[in-house]
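Values below: all heavy atoms of this structure, side chains included; hydrogens, waters and symmetry mates excluded. Counting starts at 1 for both ligands and their atoms, in listed order.
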Amino acid sequence: MRLDKFLVEAGQGSRTEVKQLLKKKQVSVNGKIETSPKTQIDEKVDQVICQGQNLSYEKYVYYMLNKPKGVISATEDNQHKTVLDLLDKTAWDKEVFPVGRLDIDTHGLLLLTNNGKLAHAMLSPKKHVDKLYRAKVAGIMTAEDVEHFAKGIELKDFTCQPAQLEILEVNEAAKTSLVAITIKEGKFHQVKRMVLACGKEVTDLERLSMGPLQLDENLSLGEWRRLTAEELAKLEVFDVEL
Ligand code: URA
């Protein structure tokens, strides 16, 4: 790619500003000062230093967000705050988007990236990516419900694939339950609708994991961090360029 484009994308300023930097001999490529904006570089290999700063080009970026309630899993919205509003300028410049959706009142793990192929692979029904949720439920979940989940719950418009329901706690007096639910699909309101099909209601829903990615417990609601090298290595199972 052109050197000036690379510098702009690396956050060194506008096209005009980076031209000035080049003119002032502030940029070197592999140790050699370059002054022409048209210089072609291989951004994956060449070492570009601008004003003493080593710039590494990132094609794809990956953010783990602990989505809070009240924000929507979209990139733009006229009414509500979106998950993009919680991220930084790099995320906007790189045009990241959420990998799948969580309802406005669901909180927990959300991956955002600009890697469309990864998103596609993680969301593909064929890949059977497990999503683990923890749900607070109004009503008492039973062994019958566990079986119902395992058989595949029939909803109005489709039959769910077999899913796992684990009862973590039951409060007989308050008539509430805490459950862990693992599904391989991600249809609209799916977890809530599955619980509703058992005659109970989800009152709080949190996503804890998606495939090999687990929500970092150190992230408070609304906080994010970039994926670590270890997490990225786990995403190699999806067999796409990362
Ligand atoms: N299932 C739901 O019902 N809501 C979500 O946000 C995610 C899964």
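Heavy atoms of T106 found under 4.0 angstrom from ligand 1 belong exclusively to the side chain. Neither the backbone nor the side chain of I183 has any atom closer than 4.0 Å to an atom of ligand 1 (non-hydrogen atoms only).
For E95, the CD atom sits in a loose shell: 12 or fewer heavy atoms of surrounding residues, nucleotides or ligands are nearer than 6.0 Å.
Between the side chains of Y62 and N114, no donor N or O sits under 3.5 Å from an acceptor N or O. Under 3.5 Å, the side chains of E17 and Q12 contain no donor-acceptor pair of N or O atoms. Side chain to side chain, T90 and D93 fail the donor-acceptor criterion of an N or O pair below 3.5 Å. Side-chain contact of H107 with N66: a donor-acceptor pair under 3.5 Å is absent, judged by distance alone.
Among protein heavy atoms, the minimum distance from atom 1 (N) of ligand 1 is reached at V191 N, 3.1 Å.
No side-chain donor-acceptor contact under 3.5 Å links S177 to the backbone of V137.
At least one heavy atom of Y133 sits closer than 4.0 Å to an atom of ligand 1.
Close contacts of ligand 1 with L205, meaning ligand atoms under 4.0 Å from a residue heavy atom, involve 1 (N), 2 (C), 3 (O), 4 (N), 5 (C).
The N/O atoms of R101, backbone and side chain alike, include none that comes under 3.5 Å of an N/O atom in ligand 1. Among the atoms of D103, some N or O lies under 3.5 angstrom from an N or O of ligand 1. Residue H189 has at least one nitrogen or oxygen atom sitting less than 3.5 Å from a nitrogen or oxygen atom of ligand 1, judged on distance alone.
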